[in-house]
Amino acid sequence: MRRGSTRRPPPDHPHPPFLDGARVRPQTTWGSWLPSPERVPRAGSPSGPSGARVARRVPTTTLGRVARSNDEVAALFQEYADLILITGGDPFKARAYEKAARAIGGHHAEVRDLDLKGLQKIPGVGKSIAEKVLEYFRGGSVSAVEEVRAKIPAGVRQLTMIPTLGPRKAMTLYEELHISSIDELVDAIHQERLRDLKGFGPRTEEKILHGIGLMQAAGDRVLVDVAMDLAEELVSELSHVRGCLRCVYAGSLRRLRETIGDIDILVAARDSEPVMRAFTSLPQITEVTAHGDTKTSVRTTRGLAVDLRVLPPDAWGAGLLYFTGSRAHNIRIREIAVHQGLRLSEYGLFDVDSGDLIVSETEEDVYSRLGLPWIPPALREDRGEVEAGLRGELPELVTEEDIRGDLHTHTDLTDGLAPLEEMVAAAEQRGYSYFAVTDHAPNLYMQRMTEERMLEQRRQLHELDRRHRGRGGSGRMRLLHGTELNIDPDGELDWPDDVLAGFDLCVASVHSHFNQDRAALTRRLVRACENPYVNVIGHPTTRVIGKRPGLDADLDAVFAACARTGTALEINSHPDRLDLGDEAILRARRYGVKFVVNSDAHSALHLAHLRFGVGTAQRGWLTSEDVINTWPYARLRRFLRKGRAERSAA
DNA sequence: GCCGTTTTCGGCCCGACTGTTTTCAGTCG
């Protein structure tokens, strides 16, 4: 990632610094963005908007990229797998489709470009599934999927998105009570109509309502990667419109919040009409909800709302500042303007008395005239950034370019998709100086890890490391052999100390028993920190955004233990997790804890998730000094060793 | 439906937890 020397984006940079055009992942989110037939794109279908999108390919640019055909196919097979389970079909068949969906989603080549043989080389894809992929790209649909779709309303699959409600219960609700939407389910529970169903009791009702509550608390928001994918597509397409001088996304997406309510896109143009026209005719747009000279609002095929605003080029900076927000940040800087006899709007900074425009062209101009340095979007939450800016004490935020390596990744030895060599090659391509492979350990029984398998992986990894070192030069990448240990309910780990001592680094994470009481959970995490071989606490709260709240542990006690023992806290970059989140990071950094931004990649493509972890780290005000995987290799190794030596002696 | 140093059939991630049951089904990781 060390592509450039810029420590900070230019003040009016059209994109966040971590916009590298890399693929993120198949669509996954919750709430309003639930599976429904129209949301699974159908290739080549002349009637469907998504089909049109597929037919009308737009060249990928450095600014963004179109959705991969792999994601469409992955979504289709995942839907098929769900429907098989709901209809009581062969669970092994469903699993086969699930596995194929994951493998296709994580496959490096576009499945659209593969023939039968090429498709069958993807692990988990045999003749039958390969033929369905071809059928999909030939005719825009797969007959087997259409058949099962015809039997089950899309809403029944929606029901399975509710935590604790699986395919069997969803089907029972549909068959017995004809329930096929979340609203109908809520009504039925309130009417106590579930009471007569076999397998449903009062606790079930309670849990379902709680699950729905979790989803609704997330509101109509989507995960950041889903919004980012769409925003990058739209920006890429609008950037090609004649008369479009600049085009960026703003709003909470530019601030890299973990969930996004709607997408704001800004265009600088002298004449708004051609841009508006091009926008409303984009294939991703299903409905125009408002249409004017400066603003157009639409709904997209993915259910997300998008606002496009066209600004005169000389008002760009003020407009970008205004539409990036947050609202609270804008209020703070407008107050500063008022105190100086100025008025700030999306059109510029004006003198209140004369009404004269003072500045508006760049964000930096506006901030500067108010006596502030340019404030990175990730900080604009009114969490003290304005005061820090006035004092000249804004942090020099960590950037994706600062990251020298990824310290939490998986291979197909456990639940990853890609073999060791492929992961290492992908890491090298990202320009890393070091890279750790951290497959699961034996206590996650489903992963079937054994000491023998682990040692064999270590042997292969050392061999690869020798090969990389042999190349010499500055491009060489060092490989670290690590593991992701499971912290059991007592805080114990998978392997005895003598085995742990053989690893270059150990990540330790909670994977089960989330409902222990607060004291037990706290003790459990603190014990893991105190283990001399544990270098990193992985996804520390174990939350899944919109689905599972974080552990009810005394996080302050855990942060203090991390600081005391030299254990780093992970910022897990997976968009479902982003764990620690920004607020917890802000708390943790006060203890002097070190952090590590990891992808937790289960395929080579997932390595690119790191951008979201870096965004979260920025929102937590972290500098590269705070983040151990920005450090040079030798310093990192000292951190990993030093902790052990000190704690072993203690 | 996939796959194979357990290979063309017969397994497939396996155990725990929860709530509803009274011996187990469903869900989850």
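Both backbone and side-chain heavy atoms feed into the values below; hydrogens, waters and symmetry mates do not. Throughout, a chain's letter reflects where its sequence line sits, starting with A, and its residues are numbered from 1.
Atom NZ of A:Lys132 has more than 12 neighbouring heavy atoms from other residues, nucleotides or ligands inside a 6.0 Å radius.
B:dC13 and B:dG29 have their C1' atoms separated by 10 Å, with the value rounded to a whole Å. Atom name C1', nucleotides B:dA25 and B:dT20: the rounded distance is 9 Å, in whole Å. Rounded to a whole angstrom, the distance from the P atom of B:dG26 to that of B:dT21 is 12 Å. B:dT6 and B:dG10 are spaced 10 Å apart, taking the C1' atom of each and rounding to whole Å. For the P atoms, the distance from B:dT22 to B:dC28 is 23 Å, rounded to whole Å. The gap from the C1' atom of B:dT7 to that of B:dC2 amounts to 12 Å, rounded to the nearest Å. To the nearest whole angstrom, the two C1' atoms, one in B:dT8 and one in B:dG4, are 9 Å apart. Spacing between B:dG11 and B:dA16 at atom P, rounded to whole Å, works out to 23 Å.
Whole-Å rounding puts the A:Arg543 CZ to B:dG29 P distance at 15 Å. A straight line from CG of A:Leu119 to P of B:dC3 spans 12 Å, rounded to a whole angstrom. Rounded to whole Å, atom P of B:dC13 lies 11 Å from atom CD of A:Glu98. In this structure, A:Asp90 atom CG and B:dG10 atom C1' are separated by 12 Å, rounded to whole Å. Rounded to whole Å, the distance from CZ on A:Arg102 to P on B:dC13 is 11 Å. If you measure from atom CZ of A:Phe92 to atom C1' of B:dC2, you get 12 Å, rounded to the nearest angstrom. The distance from atom CD of A:Gln516 to atom P of B:dT18 is 11 Å, rounded to the nearest whole Å. For the pair A:His511 NE2 and B:dG29 P, the computed distance is 11 Å after rounding to whole Å.
Residue A:Arg95 places none of its side-chain N or O atoms closer than 4.0 Å to OP1 or OP2 of B:dC2. Taking 4.0 angstrom as the limit, A:Arg548 places none of its side-chain polar atoms (N or O) nearer than this to OP1 or OP2 of B:dC28. Here A:Lys132 reaches the OP1 or OP2 of B:dG1: one of its side-chain N or O atoms lies under 4.0 Å away. In terms of phosphate contacts, A:Thr164 brings no side-chain nitrogen or oxygen within less than 4.0 Å of OP1 or OP2 of B:dC28.
Side-chain contact between A:Phe435 and A:Asn629 is absent, with no heavy-atom pair separated by less than 4.5 Å. Looking only at side-chain heavy atoms (C-beta outward), A:Gln516 and A:Pro489 come within less than 4.5 Å of each other. Looking at A:Gln78 and A:Tyr97, their side chains never come closer than 4.5 Å, going by heavy atoms from C-beta outward.
The two atoms that bring A:Ala553 and A:Arg518 nearest to each other are O-NH1, 3.4 Å, heavy atoms only. The two residues A:Tyr533 and A:Asn531 come nearest to each other via the heavy atoms N-OD1, 2.7 Å.
Backbone-only contact: A:Ser128 has heavy atoms under 4.0 Å from sugar-phosphate atoms and none from a base. Residue contacts shown for A:Pro91 are absent, as no nucleic acid heavy atom lies under 4.0 Å away. Residue A:Phe514 is in sugar-phosphate contact alone, with no base atom involved, counting any heavy-atom pair closer than 4.0 Å across all strands shown. Within the nucleic acid shown, A:Lys207 comes within 4.0 Å of sugar-phosphate atoms alone, with no base atom in reach, counting heavy atoms only.
Comparing B:dC12, B:dC2, B:dT27 by their closest approach to the side chain of A:Lys169 singles out B:dT27. The side chain of A:Arg203 lies closest to B:dG19, out of B:dG29, B:dG19, B:dG1. Minimum atom distance to the side chain of A:Ala96 is reached by B:dG1, of the listed B:dC13, B:dG29, B:dG1. Across B:dC12, B:dG1, B:dC17, the shortest atom-to-atom separation from the side chain of A:His513 is found for B:dC17.
When each of A:Pro167 and A:Asn515 is assigned the nucleotide of DNA chain B with its nearest heavy atom, A:Asn515 is the one assigned upstream, toward the 5' end. Nearest-nucleotide positions on DNA chain B place A:Gly199 closer to the 5' end than the other of A:Gly199 and A:Arg168.
In this entry B:dC2 has B:dG11 as its Watson-Crick or G-U wobble partner, both defining distances falling under 3.5 Å.
A:His602 and A:His440 have tilted rings, their planes meeting at an angle from 30° to 60° on a 0 to 90° scale.
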